[in-house]
There are 2 protein chains.
Amino acid sequence: MGPDPTTAPREPRADEDVAERLRSAGLSPTQRRRRVLEAVEHRQRPVSAHELYVELAGQGHRVGMSTVYRALSALAEAGLLHVFAGDGETRYRLCAAGRHYHLVCRRCGTVREYPADDDGAWLDRIAADADFQPDPRKAEVQGVCGTCLRAGQNGTAG
Amino acid sequence: MGPDPTTAPREPRADEDVAERLRSAGLSPTQRRRRVLEAVEHRQRPVSAHELYVELAGQGHRVGMSTVYRALSALAEAGLLHVFAGDGETRYRLCAAGRHYHLVCRRCGTVREYPADDDGAWLDRIAADADFQPDPRKAEVQGVCGTCLRAGQNGTAG
DNA sequence: ATATTTGCAAACTGTTTGCATGTGT
DNA sequence: ACACATGCAAACAGTTTGCAAATAT
């Protein structure tokens, strides 16, 4: 917040990190794009364009809806964000580097990235077994996360 | 149509099968619903409401779009159809009985159901390992099927 | 100075809904 | 007869797009 780098001359603040990331993804690190990436980054559950718009507006930032949409699309296309298509709204979430697939909780919506190699190369087995070449980044398992499971043991049984 | 069962008393035609299925799903087997279920049933790749509408219209059947939407939703809710959320359009596909997950081909759109037990209970491993209770019916792996793979070996390398 | 990016508002697409009519039992 | 399913058209939600003003390099 204090634009006085006297005492912090070299420290790569998250801010700069984000800009860097945008740059190496081939996107000019404009203020809006940085804001969007930052906002997405801190979330465990995928976020929709509208949610983001509201959040940014709530922080006093003037951003147009179309800008949010455009930023999100660009970031996704650049491989920085994962896309989740669920009911009607498209949602986005930060995308990690390694081979992994997604564990998405049906109750709280949180998405966890599960290393695709921790499970004995399950994906590779599919490749051989089913004559199918899986994309580890596009594998998704829905279910209920432990937290929600314990929280709602007595909920809607079925 | 012909309220005269004199000559066709006992034969379980596919038609009746479909009706039966609807009934046991708690849905009255109306003509439109039967048509929709039949039309979905014969497809390997999930179909959208609009595609179905066009197909039915092409067969000379008068069906309203909203009816198609309503039928599809009802069938999905009854567990007879799987829902695929991909880009913008919701798509539906017949849902098999056993534990399985989906192998969806990014190129041709075909979805194959892969028995969830053929792979050493991968899903169960997740449950224990990641503190997450997976829903076998809601697991989806995207990739490229063998057919498309072989057909387009020289295509867009990447 | 020049190429991008942004915001706005209007256009679009896929989907849902109210209501009168038609259909199944 | 009666409840439910259907069709139509209008309403909606999410998303995209054209274009002039703002911004970045």
Side-chain angles (χ1 to χ4, degrees), chain A residues 15-16 18-20 22-40 46-57 59-78 81 83-92, chain B residues 1-5 15-16 18-20 22-40 46-57 59-78 80-81 83-92:
Chain A
D15 198 43
E16 285 184 9
V18 164
E20 180 102 347
L22 284 166
R23 223 182 291 269
S24 52
L27 298 170
S28 31
T30 69
Q31 195 168 100
R32 312 299 139 103
R33 295 219 256 246
R34 267 180 284 155
R35 293 243 175 80
V36 167
L37 182 49
E38 271 166 18
V40 172
V47 66
S48 74
H50 187 252
E51 284 171 350
L52 227 45
Y53 172 74
V54 170
E55 173 168 325
L56 293 174
Q59 292 171 6
H61 297 137
R62 177 175 304 293
V63 199
M65 273 266 41
S66 43
T67 300
V68 176
Y69 276 106
R70 285 191 269 233
L72 249 17
S73 303
L75 290 169
E77 192 152 337
L81 260 37
V83 183
F84 294 85
D87 40 31
E89 280 189 323
T90 305
R91 290 186 138 75
Y92 301 83
Chain B
M1 302 283 186
D4 191 338
D15 197 43
E16 283 186 9
V18 164
E20 180 102 348
L22 284 167
R23 223 183 292 269
S24 53
L27 299 169
S28 29
T30 69
Q31 195 167 102
R32 313 301 140 105
R33 295 219 257 245
R34 267 179 284 155
R35 293 241 175 82
V36 168
L37 182 48
E38 271 165 20
V40 172
V47 66
S48 74
H50 185 252
E51 284 171 348
L52 226 45
Y53 172 74
V54 170
E55 173 167 325
L56 293 176
Q59 292 171 4
H61 296 139
R62 178 176 303 293
V63 199
M65 273 266 42
S66 43
T67 300
V68 176
Y69 276 106
R70 284 191 269 232
L72 249 16
S73 303
L75 291 169
E77 192 152 337
L80 269 58
L81 260 37
V83 184
F84 294 85
D87 41 30
E89 280 189 323
T90 305
R91 290 186 138 75
Y92 301 83

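Just the heavy atoms: all of them, side chains too, but no hydrogens, waters or symmetry mates, feed the values below.
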Using only atom types and a distance under 3.5 Å, with no angle test, would you say the side chain of A:Arg32 pairs donor to acceptor with the backbone of A:Arg62? yes
Within this structure, what is the CD-to-P distance between A:Glu89 and D:dT16, rounded to whole angstrom? 12 Å
At what distance, to the nearest 0.5 angstrom, does CZ of B:Arg91 lie from CG of B:Leu81? 13.5 Å
What's the shortest heavy-atom distance between B:Ser48 and B:Glu89, and which atoms? OG-OE2, 3.6 Å
Roughly how far, to the nearest 0.5 Å, is the OH atom of B:Tyr69 from the OG1 atom of B:Thr90? 8.0 Å
Five pairs at each end of the helix from C:dA1-D:dT25 to C:dT25-D:dA1: take the axis at both ends and give me the angle between them to 10°. 40°
For the pair made of CZ in A:Arg35 and P in D:dT23, what is the distance, rounded to whole Å? 12 Å
Please list, for nucleotides 6-8 of chain D, all pairs of protein and nucleotide N/O atoms separated by less than 3.5 Å.
residue	atom	partner	partner atom	Å
D:dT6	OP1	B:Thr30	OG1	2.8
D:dT6	O3'	B:Arg32	NH1	3.2
D:dG7	OP1	B:Arg32	NH1	2.3
D:dG7	OP1	B:Arg62	O	2.8
D:dG7	OP2	B:Gly64	N	2.8
D:dG7	OP2	B:Thr67	OG1	2.4
D:dG7	N7	B:Arg70	NH2	3.0
D:dG7	O6	B:Arg70	NH2	3.1
D:dC8	N4	B:Ser66	OG	3.1

Send over the distance from A:Leu22 CG to C:dT5 C1', rounded to a whole Å. 13 Å
Length of the line joining B:His50:NE2 and C:dT15:P, which is rounded to integer Å: 10 Å
Considering all heavy atoms of both residues, which atom of B:Tyr92 and which atom of B:Val40 are nearest to each other, and what is their separation? O-CG1, 4.2 Å
Just the rounded figure in Å: distance from C1' of D:dA5 to NE2 of B:His61. 17 Å
What integer distance in Å separates B:Leu75:CG from D:dA5:C1'? 13 Å
For the pair made of CG in A:Leu56 and C1' in C:dT6, what is the distance, rounded to whole Å? 14 Å
Shortest non-hydrogen contact from B:Ala49 toward B:Met65: O-CE, 3.8 Å
Classify A:Ser48 by what it touches in the nucleic acid, base, sugar-phosphate, or nothing, heavy-atom distance under 4.0 Å. nothing
Does C:dT16 have OP1 or OP2 sitting under 4.0 Å from an N or O in the side chain of B:Tyr69? no
Measure the spacing between CD of A:Glu38 and CG of A:Leu22 and express it to the nearest 0.5 Å. 9.0 Å
To the nearest Å, give me how far apart CZ (A:Arg23) and P (C:dT5) are. 13 Å
What closest approach, in Å, do B:Glu51 and B:Pro46 show between heavy atoms, and which atom pair accounts for it? OE1-O, 4.2 Å
Is any side-chain N or O of B:Thr90 closer than 4.0 Å to OP1 or OP2 of C:dG14? no
Heavy-atom nearest pair, A:Ala39 first then A:Glu55, reads CB-OE2, 3.8 Å
